[in-house]
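Take a look at the structure set out below.
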Amino acid sequence: MALAPLVAGNWKMNGLAASISELDRIIAGGRALTNKLELLVCPPATLVPAFAARARDSGVRIGGQDCHWEDSGAFTGDISAPMLADAGARAVIVGHSERRLGHQESDEQVRSKAQAAWRAGLTAIVCIGETEFERHAGATLSRLERQLGESVPDGAKADNLVIAYEPVWAIGTGRTPTPADVAEVHGFIRKRLHIRFGSEGHAVRILYGGSVKPSNCAEILTVDNVGGALVGGASLKAEDFLGIAGTYR
Ligand code: PGA
């Protein structure tokens, strides 16, 4: 059976304790939507416990933005998947381009992080995406194929893996690929997942991410093989986030 679409908000390094009022607005507005789709909010780690407590029984789920590949140990400043699960998270983003590029994370590390997420019972949202240079070089699909092959562990299932296709050049820029480009890439990702994981790969949700807004979500989210959105900037305002989710109303 097909899983409901997933609209996930990546708050990045934004949000203080007072931001729980924004979560309250998402929970309130989400009530009319969560029978049709899943809503996930990924605040900074400092807010995961309070957000998870507030969202309990609401239909809105809370996730982390990154985790270490080890469960515990001498890794100053890092957060492990069991810690996120213990704080009430249900999912974690791994391999976001801001981690891959800003923190030099390799495909192998991303794969280990996804495995750590699974050990802790979390859904791994594995991000992949080409840079503008790679796109211009005609290397988009080969780049994605490599990231998919090396960042996604064996054993992926529709209920433990979500892929987020986020072209690096579209993140935070206001630029988006055309629906035809999104269709080509998502169709390609679907094919690779299907070849590797069979019927589970057929059912894994493939999110689009990168400058998704209320004004452009309808044309992107209705493309074949787009199973939802990973939303950055526009997820910080409940009204915009809910406006995007409302595509699936
Ligand atoms: P954006 O970010 O929506 O602000 O472009 C998306 C993301 O990085 O997940």
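Residue numbers start at 1 and run along the sequence shown. In each ligand, atom 1 is the first atom listed, and ligand 1 is the first ligand listed.
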Within ligand 1, which atoms have a heavy atom of [X] less than 4.0 Å away?
X: Glu166; value: 6 (C), 7 (C), 8 (O), 9 (O)
X: His96; value: 7 (C), 8 (O), 9 (O)
X: Asn10; value: 9 (O)
X: Gly233; value: 1 (P), 3 (O), 4 (O)

Say whether [X], considering both its backbone and side-chain N or O atoms, lies within less than 3.5 Å of an N or O atom on ligand 1.
X: Leu230; result: no
X: Gly210; result: no
X: Gly232; result: yes
X: Ser211; result: yes

Show the numbers, then the answer: is there a ring-ring contact (aromatic ring centres under 6.0 Å, His included) between Phe241 and Trp11? CA-CA 11 Å; Phe241 187 56; Trp11 280 26; 8.6 Å; no
Electrostatic pair [X]:[Y] at N-O distance under 4.0 angstrom:
X: Lys157; Y: Glu200; result: no
X: Arg25; Y: Glu22; result: yes
X: Arg196; Y: Asp154; result: yes

Check Ser211 against Ile171 and note the closest heavy-atom contact, atom names and distance. OG-C, 4.4 Å
Within the structure, is a non-hydrogen atom of Ala234 found at a distance of less than 4.0 Å from ligand 1? no
For ligand 1, is Lys12 a contact, meaning one of its heavy atoms is under 4.0 Å away? yes
So, does Arg119 use its side chain to make a donor-acceptor pair with the main chain of Ala114 at under 3.5 Å? no
Do the side chains of Ile163 and Leu207 get nearer than 4.5 Å, heavy atoms only? no
